[in-house]
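Report on one structure; see the data block that follows.
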Amino acid sequence: MNDISALQTCEEEWRELEKEFAELDEQHKNYVNKVAEVKAIQQKCLSGIAHQRYRIKQIGDALKKWSKGAGAEGQATIDDLKKTVPREKEQLPRYGRCPATQKWDLFIDYLRPGQCVLT
């Protein structure tokens, strides 16, 4: 293979590599956008869990206060709620479990746009 032919082959391979890089760049942008979307959904879910815990605590405190002076009908409602509230509270950790572990979060933070450098 002569030098001209080798150079042409190298140039063709470089053009092909440039096309592949453009595809990779587009895929990476899409990936980073999806990761940001997942993080936003995760944060919304975690905020919802915190709000549920807060509201459950408020209701629990109110039930303790009301149970002292409730009549028979009121006591039945309070008893029903006292049975229901713990069941709902037990469900909250299920919503907090997700594939996004601490290592996943660190990995995602690493991939923020402008921080990922190909070497």
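Quick note: numbers below take in every heavy atom, side chains included, and nothing from hydrogens, waters or symmetry partners. Positions are given from 1 along the sequence.
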- Item | From Ile56 atom CD1 to His51 atom NE2, the distance as rounded to the nearest 0.5 Å | 10.0 Å
- Message: As an exercise, state the distance from CG of Asn2 to CD of Gln8, rounded to the nearest 0.5 Å.
- Response: 8.0 Å
- Item | Pairwise salt bridge (charged side-chain N to carboxylate O under 4.0 Å, His left out) hits with a residue in residues 14-23, at least two apart | Glu11-Arg15
- Task: Would you kindly say whether Tyr31 and Gln27 are connected by a side-chain donor-acceptor distance under 3.5 Å?
- Result: no
- Roughly how far, to the nearest 0.5 Å, is the CD1 atom of Ile59 from the NZ atom of Lys89? 11.5 Å
- State whether a side-chain donor-acceptor pair under 3.5 Å links Asn30 with Glu26. no
- Got a sec, which residues hit salt bridge (charged side-chain N to carboxylate O under 4.0 Å, His left out) with Lys29, two or more places apart in sequence or on another chain? Asp25
- Message: Under the salt bridge (charged side-chain N to carboxylate O under 4.0 Å, His left out) definition, can you give me all pairs with a residue in residues 54-63, not counting sequence neighbours?
- Response: Lys57-Asp61
- Query: When Ile41 is tested against each of Lys39, Gln43, Glu37 for side chain to side chain contact (heavy atoms under 4.5 Å, CB included), which residue passes?
  - Reply: Glu37
- Query: Got more than 12 heavy atoms from elsewhere within 6.0 Å of CD1, Ile4?
  - Reply: no
- Query: How many angstroms lie between atom NZ of Lys82 and atom CG of Asp79, to the nearest 0.5 angstrom?
  - Reply: 6.5 Å
